[in-house]
Protein chains: 2
Amino acid sequence: MSNAREHILQTTCDLMEKQGYYGTGLNEIVKESGAPKGSLYHYFPEGKEQITSEAVLQSGKATAERIQNGLSSNSNAAKAIHDFILNIADHVESSGFAAGSPLTAVAMETATKSERINSACREAYTLLETAFKEKLLESGFTKLKAEELGTFITATVEGGIILSRTYHSGNPLRTAAKYLKVLLSQ
Amino acid sequence: MSNAREHILQTTCDLMEKQGYYGTGLNEIVKESGAPKGSLYHYFPEGKEQITSEAVLQSGKATAERIQNGLSSNSNAAKAIHDFILNIADHVESSGFAAGSPLTAVAMETATKSERINSACREAYTLLETAFKEKLLESGFTKLKAEELGTFITATVEGGIILSRTYHSGNPLRTAAKYLKVLLSQ
DNA sequence: GTTATTATAACGACTGGTCTATATAACGTC
DNA sequence: GACGTTATATAGACCAGTCGTTATAATAAC
């Protein structure tokens, strides 16, 4: 399989997670990934929008998988989600507050600017919500509650990451974990 | 007082709310605001970082005020916050999903890139958290709970706005309102 | 006449995107 | 295996346009 293509996509994910869509230039992707610029338009003939859409989707899939794996360690959904969010807090901290929420910045910047990227973001977020939802279903929540809480958890975690990155502290995420557990335990 | 200066700041707020820091050019600010271009570096001699920092802080103050006013209509904090978030959902929808969360995109893009803008974002978010916190204090929550829930609500609302703008639907925010009320009512 | 404000043009650096040339791999045919 | 042929992939110079910024000149206000 193509190595350069994967490299370009992964680099795009990392850079856009840190600095968003408009803050990430193609030249920077090329430079950081080590891939030649000729390859960029060979693999992604439709340019930056295509690269971004694929990167967003890849991020979504990877994150959804991490959610599934993270939640599988504990059968109790409330406890599992609580611990999972604590892990995110550590991850955000250890990245120097550059990582966490690979979708947020891109989603906000492009919500009304690129139909194509927005569509990819929607798809990616649905993957995350579904990952939480399925854990809740397994734990006995009704279908409606599992779906709504999947949305609620996703929103709270996203917001917690924003605050943690802004404050340069994992504590907002830890607070989010604490009260989400309260809500899910009742 | 200077009209052009205020115009520039307000336009910067609006544009960055929609498309973030890197997605907003100074030329676009000048064009959109109608302010004379020469004035830009006259009023903001330290350039884009200065304009952005001031715009972020102005956004924070305006949003905190809107929170205070929005919550004052109902003495019950849980109900007041619920209704307030429903209003945000309407606002996001009626803006065509371009408005809501004036800080998010900028905060994420610059969390590790500009100390100055990051500092302004931190200050702005603290204003929002404090606005919620004070309503909770009035409603009888302990100081610690009011503080933590202020953070939690801010995170959930931010995340809800992201999802609503991405999905082009106010419903994620309405779901957030519903379960926040559950949490605050117990 | 001094200061505050606005106008204009230009700067170097960088943007996303295109182009041509070259190298490498893949594959059927002898 | 060896050959020529065709796709795939790498390499980077190059384009017009925009970026944030600066310098200088003109104008307005007091």
Side-chain angles (χ1 to χ4, degrees), chain A residues 1-56 105-106 109-110 112-118 120-121, chain B residues 1-56 105-106 108-110 112-121:
Chain A
M1 270 292 141
S2 165
N3 211 333
R5 195 179 203 279
E6 285 310 308
H7 244 100
I8 291 171
L9 270 186
Q10 190 52 55
T11 305
T12 305
C13 289
D14 296 344
L15 289 173
M16 291 198 176
E17 181 168 4
K18 184 165 75 174
Q19 59 206 23
Y21 174 73
Y22 293 112
T24 303
L26 295 186
N27 292 327
E28 193 180 2
I29 294 173
V30 164
K31 189 179 166 192
E32 183 83 8
S33 71
K37 187 156 192 180
S39 301
L40 206 149
Y41 276 89
H42 172 71
Y43 292 113
F44 307 95
E46 289 148 78
K48 195 181 185 184
E49 284 209 338
Q50 183 187 5
I51 300 178
T52 306
S53 301
E54 294 198 23
V56 159
V106 176
E109 290 171 301
T110 63
T112 60
K113 308 273 279 187
S114 161
E115 166 57 36
R116 180 173 189 173
I117 299 174
N118 173 251
C121 290
Chain B
M1 268 296 131
S2 166
N3 210 333
R5 195 180 202 279
E6 284 311 307
H7 247 100
I8 290 171
L9 270 186
Q10 189 51 55
T11 305
T12 304
C13 289
D14 296 343
L15 289 174
M16 291 197 176
E17 180 168 4
K18 182 164 77 174
Q19 60 206 22
Y21 174 72
Y22 293 113
T24 303
L26 295 186
N27 293 328
E28 194 180 1
I29 294 173
V30 165
K31 189 179 164 192
E32 184 83 9
S33 70
K37 177 157 188 176
S39 302
L40 208 149
Y41 276 89
H42 173 71
Y43 290 113
F44 305 95
E46 289 149 78
K48 194 180 183 183
E49 284 208 339
Q50 183 187 7
I51 300 179
T52 307
S53 301
E54 294 198 24
V56 159
V106 176
M108 289 293 272
E109 289 170 301
T110 63
T112 61
K113 309 273 281 186
S114 162
E115 166 58 36
R116 181 173 190 174
I117 299 174
N118 173 252
S119 171
C121 290

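Chain identifiers are assigned alphabetically (A, B, ...) following the order of the sequence lines, protein sequences preceding nucleic acid strands; residue numbering begins at 1 within each chain.
For K37(B), counting side-chain heavy atoms from C-beta on, the closest listed nucleotide (dT8(C), dG17(C), dT6(C)) is dT8(C). Of the candidates dT21(D), dG17(C), dC19(D), dG17(C) carries the atom nearest the K48(A) side chain, counting heavy atoms from C-beta on. Closest approach to the Y41(B) side chain among dA11(D), dT22(D), dT6(C) is made by dT22(D) (side chain taken as heavy atoms from C-beta onward). Ranking dA9(D), dG17(C), dT6(C) by closeness to the L26(A) side chain, first place goes to dG17(C).
Protein atom CZ of F44(A) is 15 Å distant from nucleotide atom C1' of dG16(C), rounded to whole Å. Atom CG in L40(B) sits roughly 18 Å away from atom P in dA9(C) (whole-Å rounding). For Y43(A) and dT18(C), the OH to P distance is 19 Å, given to the nearest whole Å. Nucleotide dT10(D) holds its C1' atom 15 Å from the NE2 atom of H7(A), rounded to whole Å. Here dA13(C) presents its P atom at 14 Å from NZ of K31(A), a figure rounded to the nearest Å. Summarising the geometry, the separation between CD on Q50(A) and P on dG16(C) is reported as 15 Å, rounded to the nearest angstrom. As rounded to whole Å, 15 Å separates atom C1' of dT18(C) from atom CD of E46(A). Following rounding to the nearest Å, E28(B) (CD) and dC19(D) (P) show an atom-to-atom distance of 8 Å.
The distance from atom CD of E17(B) to atom OG1 of T12(B), rounded to the nearest 0.5 Å, is 12.5 Å.
For S39(A), a side-chain nitrogen or oxygen approaches OP1 or OP2 of dT10(D) to under 4.0 Å. When the side-chain nitrogen and oxygen atoms of H42(A) are compared with OP1 and OP2 of dA9(D), one or more of them lie within a distance under 4.0 Å. Close to dT15(C), at under 4.0 Å from its OP1 or OP2, lies a side-chain N or O of N27(A).
Within 6.0 Å of CD in E32(B) there are 12 or fewer heavy atoms belonging to other residues, nucleotides or ligands.
Shown here for L26(A) and I51(A), the closest heavy-atom pair between the two residues is CD2-CD1, 4.2 Å. Of all the heavy atoms in C121(B) and V106(B), the pair that sits closest is SG-CG1, 4.3 Å.
The side chain to side chain donor-acceptor pair (under 3.5 Å) with R116(A) is formed by just one residue from the set E46(A), Q50(A), E49(A); it is E46(A).
Along DNA chain C, the nucleotide nearest to G38(A) and the one nearest to G25(A) differ in position, and the one closer to the 5' end is contacted by G25(A).
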